[in-house]
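First up is the structure itself, then whatever we jot down about it.
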Amino acid sequence: MSTRRPLISGNWKMNLNHFEAMKLIQELSYQITGDDIELVDVSVHPPFTDIRTVQTVLDSDKIPFFLGAQHCHFEERGAFTGEVAPSMLAKLNVKYVIVGHSERREIFNETDEMVNAKVKAILGAEMTPIVCCGETLEERDAGDAETKVGAQVQAALTGLTAEQVGGLVIAYEPIWAIGTGRTASAEDAQAMCHHVRAGVRGIYGDEAADSVRVQYGGSVKPANANELLTQADIDGALVGGASLSADDFSRIVQYRLL
Ligand code: PGA
């Protein structure tokens, strides 16, 4: 049995203004109990404009969720209109930053090199990257899923120490399952998360492989959370759509009761 603490992360994407964010956090704080937090880490990833508000609510109400971000730049400062530096997030107590989400890669042309630079910058600011990887449906149908995901993970982690890799979160998110209502079967999700861990083991050794947390993401819902999250190599979930509903997200956090 793994001793890795599951991490359930809510990726709000470009949804909820800061008033709506406050309301959702308050609802979640009523539904997710101290007993849940004993067993599971929870992070919320609001849009940038909500982060300060959410930080204040978490602090003042002593709500034990980790604050997360969805994105950042890899440079520390400079002429990068519209971007946010890792240290700016760290200053707001952000702990987890999603990197290389398929929407960033596909819509905003993020490359493996940029993902690697961001991973290093986030670690440099003493936060934890949630490094996303995943294959398209065409790649899966062509039998290339393992190769694609293995290469993405290897590129994202280039130049890190085994100790740094052991502290990371990697999110396996098959692109065809994101926002589509189509979930990978628990067996397929487990097989791919195992593959990700095996890739880490091959390069960084047993200690890193046994401590790195591998999340599954892609249409995680209360109805499938228990089956997915009880797989040996799945250490949590990156949840998009269902994280916008206090009921659904709380039930996913409480997957052991489902
Ligand atoms: P979804 O999104 O849960 O809406 O499929 C997951 C993600 O993109 O992280």
Side-chain angles (χ1 to χ4, degrees), residues 6-16 20-21 24 28 32 40-48 50-51 65-72 94-110 115 118-119 122 128-137 139-140 145 148-149 152-153 156 168-186 188-190 192-193 196 213-229 231 234-255 258:
L7 171 66
I8 315 273
S9 304
N11 174 11
W12 297 0
K13 306 193 180 183
M14 198 172 71
N15 295 290
L16 308 184
E20 295 163 338
L24 178 56
L28 288 171
I32 296 174
V40 177
D41 288 339
V42 173
S43 67
V44 289
H45 300 250
F48 285 141
D50 302 357
I51 287 183
F65 305 158
F66 291 107
L67 186 52
Q70 302 173 18
H71 163 67
C72 67
V94 167
K95 159 101 174 135
Y96 294 101
V97 185
I98 299 170
V99 195
H101 190 282
S102 60
E103 287 153 15
R104 299 288 328 170
R105 294 179 190 260
E106 291 194 334
I107 308 170
F108 301 100
N109 303 319
E110 278 191 16
V115 171
K118 287 177 189 207
V119 167
I122 293 162
T128 301
I130 298 180
V131 185
C132 300
C133 57
E135 81 285 359
T136 62
L137 193 55
E139 288 162 340
R140 170 152 289 261
K148 162 79 181 291
V149 166
Q152 278 183 328
V153 173
L168 291 180
V169 181
I170 301 175
Y172 166 64
E173 299 203 299
I175 295 169
W176 46 271
I178 294 178
T180 57
R182 258 188 87 173
T183 321
S185 69
D188 285 347
Q190 159 59 23
M192 288 300 292
C193 291
V196 166
R213 290 188 286 181
V214 184
Q215 294 178 317
Y216 168 79
S219 298
V220 176
K221 308 216 164 346
N224 56 31
N226 180 279
E227 207 191 353
L228 288 161
L229 289 166
Q231 301 295 318
I234 300 182
D235 307 316
L238 183 52
V239 185
S243 74
L244 298 172
S245 150
D247 275 356
D248 284 354
F249 191 64
S250 312
R251 289 173 65 209
I252 293 169
V253 169
Q254 294 156 351
Y255 67 90
L258 293 170

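Remember, it's 1-based here, ligands and their atoms both numbered in the order they're listed. Owing to the predicted nature of the structure, the values given are computational and were not obtained by experimental measurement.
Across Ser9, Gly179, Gly240, heavy-atom proximity to atom 5 (O) of ligand 1 is greatest for Gly179. Across Glu103, Glu173, His101, Lys221, heavy-atom proximity to atom 8 (O) of ligand 1 is greatest for His101.
In this structure, Val131 and Ala156 approach most closely via the heavy-atom pair CG1-CB, 3.6 Å.
Residue Asn11 touches ligand 1 through its side chain alone, judged by heavy-atom distances below 4.0 Å. The residue Ala242 has no part lying near ligand 1, judged by heavy-atom distances below 4.0 Å.
For Gly218, the closest heavy-atom approach to ligand 1 falls below 4.0 Å. Using a 4.0 angstrom heavy-atom cutoff, Ser243 does not count as in contact with ligand 1.
Atoms of ligand 1 found under 4.0 Å from any heavy atom of Ser219, numbered from 1 in the order shown, are 1 (P), 3 (O), 5 (O). Numbered from 1 in the order shown, with element, the atoms of ligand 1 that lie under 4.0 Å from a heavy atom of Ala177 read 5 (O). Counting atoms of ligand 1 from 1 in the listed order, those under 4.0 Å from a heavy atom of Lys13 are 2 (O), 7 (C), 8 (O).
Residues Ser43 and Ser9 bring a donor and an acceptor atom of their side chains to less than 3.5 Å of each other. Tyr172 and Gln190 share no side-chain donor-acceptor pair at under 3.5 Å.
No donor-acceptor pair under 3.5 Å is formed between the side chain of Tyr96 and the backbone N or O of Ile98. For Gln152 (side chain) and Gly134 (main-chain N/O), a donor-acceptor pair under 3.5 Å exists by modelled atom type.
The residues Glu139 and Lys148 are annotated as salt-bridged, a charged nitrogen and a carboxylate oxygen being separated by less than 4.0 angstrom.
Looking only at side-chain heavy atoms (C-beta outward), Ser250 and Leu28 come within less than 4.5 Å of each other.
Taking distance alone, with nitrogen or oxygen atoms compared against 3.5 Å, Gly241 approaches ligand 1 more closely than that limit.
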